[in-house]
Amino acid sequence: MKGIMKPRVCRRKEFAAIFLFLTIFVVILLLRNTDVLKFHYKVNSTIIVQKVSTEPDTHHSFCTFQPRSPEDALEERLLLDSIAWPEAPPLSDPLSLNQTSDPAHSTFTILPRRTGGQWHVGNQLEIIIKMSDFQGHPKKSGGDFLLARLHNQKLGAGVVGQVVDHLNGSYSAVFSLLWEGDAQVEVMLVHSSEAIQVVKRLNNDQPDRIMFKSVFRSGSLSETTFCNMCLRPTKQPLCNYTDLRTGEPWFCHKPKKLSCDARITHFFGYFKKNIRANEDKLIQSGVNMKVSILVLGPANVTVLPKKEDQSKVQSSVVSSGPSGYYYQGVWRALGGTKVHQFNSASVISQCLKGKVVHMYGDSTIRQWFEYLNAQLPDLKEFNLHSPKQVGPFMALDYANNILVTYRCHGPPIRFSQVPTGQLRYIANELDVVTGGTNTVVVLGIWSHFSTFPMEIYIRRLQTIRRAVVRLLDRSPGTLVIIRTANPKALGLYETLTNSDWYSLQRDKVLRAMFKGLNVHLIDAWEMVLAHHLPHSLHPQPPIIKNMIDVLLSNVCPQKGG
């Protein structure tokens, strides 16, 4: 019997060795395939210990990126390529303004019509912009951030120009001529190419320059720690608040005496400029930031009525035109649903009768809730005892069966004192919306992602898009409306945390992400830029009124319109 048992013992040892080898091999494969993970997670625990990353990009070393599918990874690379900004010569050391873009030495010129003659409605106006430095020398490279507008304030008219960078210090801008009468050109330098190098570097190197905090409390004991998606490695353990459904990461330093479950609030912590010596000179209001560029020759043209036999001539410089324009202070869309005016409470209520309107996003979406709440006397806000800035909010018109809600999006959110129970991710909220022909979903998410690497914003939008697709699959009649980003007033703080360049880049990604889906975009970017009122993070009431008109025109499209 002993002679028979020995081979079995040997076989067991062999099987054990083989099993151990295979286990180690599988573990190695898993570790290799998940090298984007920055943390080792303890099983069934909210406490994690940081690992050192070997990834080359600076921000990847302490920003958490969840694993994603090959399709999502490919889309991310294509999106990043599509918004790649032109490279500019490196900044001088020590930094001097002498060879940086100066709007006071730069000019634009209106080019004559290609076929000669006078300007008519339907024509396209083209200008050439020549950038020069503070010494008056022509720039030889591109990368400046320029905005262009054609307007007539007396007529309440305005339209955005399409700017093209020729990468040699010159730029073109093309405008559609859409009204009769005077049309004046305005060109603005938002940021020089040199300033963009600074704001671009900050998102790569300093994504934690805005830090968040959370309060932890148990009985009379209270502690406050720092939180973020991007936390630099320390010996201090972390609390892992990564959302189980969406995979959205969020972490806080673990309190010394309290558990991770004791977290009760989230709020804005602090901001650090983190810029190098003299870099603030590149970001000066009235000097080289949001400053108009001078014109050589006339800055305006007279536009005559459209000719009956006039053929449409497409510009060779741009392939697409504006989404709409203002005339007599009213926004007129150039595609999609025709915009109608909703000028009274009764007309708005009639449109929204029987509707449930769910609004999710940042404070620029909260503006829309506040507008409807103020305009409709029968829409009564239910007191949820929510903080004024934070929400959630709910308003009900019982007689007309109208329900309007607002909820802020999940972190990062730079609001003050958000209860952790109210930190909801949009994708999760959409997954519990029943939907249908009487349901309107409004989304707006862009501003609070400005200080983070673009990959984080892309991945957030991918999770939201998947939830939108699921909603439309189960309830095809649901109306989904997305608000784009908009330009704003800029100082040093606003530029370093929420520059128009950050907003422009996220705006491009947002449009590309939802292209082809059955959703409607409200072009806040053009609606703010084309208007004569100053840029503001929270657009002024006349612009908000026009945005609501676009919203309601999509909710209640008129026959033949």
Ignoring hydrogens and angles, state whether a donor on the side chain of Arg201 or Asn274 is under 3.5 Å from an acceptor on the partner side chain. no
Is it the case that Asn400 and Asp378 place a side-chain donor and acceptor less than 3.5 Å from each other? no
For the pair Gln375 (side chain) and Leu372 (backbone), establish whether a donor and an acceptor sit closer than 3.5 Å, ignoring hydrogens and angles. no
Does the Ser193 side chain pair with the main chain of Gly143, one donor and one acceptor, at a distance under 3.5 Å? no
Should the pair Lys213-Glu223 be classified as a salt bridge under the 4.0 Å nitrogen-to-oxygen rule? no
Set of side-chain contact (heavy atoms from CB on, under 4.5 Å) partners for Ser503, sequence neighbours left out: Trp446, Ala485, Lys488, Asn498, Trp525
For the CG atom of Asn428 and the CG atom of Leu244, what is their distance to the nearest 0.5 Å? 9.5 Å
Looking at side-chain heavy atoms only, is the closest gap between Phe514 and Val468 below 4.5 Å? yes
Distance-only polar pair, side chains of Glu494 and Ser499, donor-acceptor under 3.5 Å: no
Trace of the side-chain hydrogen bond (donor to acceptor under 3.5 Å, both in side chains) decision for Glu248 with Thr242: CA-CA 5 Å; Glu248 295 293 345; Thr242 298; over 6 Å; no
Quick one: does His520's side chain get under 4.5 Å of Leu479's, heavy atoms only? yes
Check whether the ring centres of His448 and Phe212 lie less than 6.0 Å apart, and answer yes or no. no
Between the OG atom in Ser222 and the CZ atom in Phe216, the distance rounded to the nearest 0.5 Å is 10.0 Å
If we ignore hydrogens and angles and just use 3.5 Å, is the side chain of Tyr406 paired with the main-chain N or O of Ala395 as donor and acceptor? no
From CA spacing to verdict: side-chain hydrogen bond (donor to acceptor under 3.5 Å, both in side chains), Ser214, Arg263: CA-CA 7 Å; Ser214 274; Arg263 179 173 175 242; 2.7 Å; yes
For side-chain hydrogen bond (donor to acceptor under 3.5 Å, both in side chains), just list the numbers for Asp261 and Ser259, CA-CA rounded to whole Å, side-chain angles, deciding distance to a tenth of an Å, and then say yes or no. CA-CA 5 Å; Asp261 295 333; Ser259 74; 4.5 Å; no
Answer whether the closest heavy-atom distance between the side chains of Phe415 and Cys408 falls below 4.5 Å. yes
Any sub-3.5 Å donor-acceptor pair from Arg209's side-chain atoms to Leu496's backbone N or O? yes
Would you sort out whether Phe382 and Phe393 count as a ring pair (Phe, Tyr, Trp, His ring centres under 6.0 Å), showing the intermediate values? CA-CA 7 Å; Phe382 188 84; Phe393 304 123; over 10 Å; no
Kindly indicate whether the side chain of Leu472, heavy atoms from C-beta on, has any atom under 4.5 Å from the side chain of Thr478. yes
Distance-only donor-acceptor check, side chains His538 and Thr364, under 3.5 Å: no
Around atom NZ of Lys508, are there more than 12 heavy atoms of other residues, nucleotides or ligands at under 6.0 Å? yes
pair Tyr360-Val442: side-chain heavy atoms closer than 4.5 Å: no
Lys272 with Asp208: basic N within carboxylate O range, under 4.0 Å: no
Lys/Arg N to Asp/Glu carboxylate O, Arg465 vs Glu75, below 4.0 Å: yes
Looking only at atom types and distance, does a side-chain atom of Arg424 sit under 3.5 Å from a main-chain N or O of Gly421, one as donor and one as acceptor? yes
Ser447 and Tyr502: CA distance, side-chain angles, deciding distance, side chain to side chain contact (heavy atoms under 4.5 Å, CB included) verdict: CA-CA 9 Å; Ser447 179; Tyr502 294 142; over 6 Å; no
Which label fits Trp85 and Trp501: parallel for a plane angle under 30°, tilted from 30 to 60°, or perpendicular past 60°? perpendicular
Asp523/Arg511 salt bridge by N-O under 4.0 Å criterion: yes
Inspect the contact between Arg366 and Glu370 and indicate whether a charged nitrogen and a carboxylate oxygen are less than 4.0 angstrom apart. yes
NZ/NE/NH1/NH2 to OD/OE distance under 4.0 Å, Arg466 and Asp431: no
Compute both the distance and the angle, then confirm whether Arg232 meets the cation-pi test with Phe62: under 6.0 Å from the six-membered ring centre, within 45 degrees of the axis. yes
Can Thr405 and His358 be counted as having a side-chain donor-acceptor contact under 3.5 angstrom? yes
Return yes if some donor-acceptor pair links the side-chain N/O of Gln422 with the main-chain N/O of Pro419 below 3.5 Å, else return no. no
Contacts of Gln540 meeting side-chain contact (heavy atoms from CB on, under 4.5 Å) (sequence neighbours excluded), chain-then-number -> Leu533, Pro534, Pro542
Phe271 ring center near Tyr493 ring center (under 6.0 Å): yes
Hey, is Asp81 close enough to Arg77 for a salt bridge, meaning N to O under 4.0 Å? no
Quick one: CG on Asn203 to CE on Met454, what's the gap to the nearest 0.5 Å? 8.0 Å
Using 30° and 60° as the class limits, which term best fits the ring planes of Phe449 and His409: parallel, tilted or perpendicular? tilted
Identify the heavy atoms of Pro249 and Thr64 that sit nearest to each other, and give their distance. CG-O, 3.7 Å
Could you give me the CA-CA distance, side-chain angles and deciding distance for Leu79 and Met513, then say whether side chain to side chain contact (heavy atoms under 4.5 Å, CB included) is met? CA-CA 9 Å; Leu79 285 169; Met513 186 73 70; 3.7 Å; yes
Once disulfide (SG to SG under 2.5 Å) is applied, do any residues pair with Cys252, and if so which ones, sequence neighbours excluded? Cys227
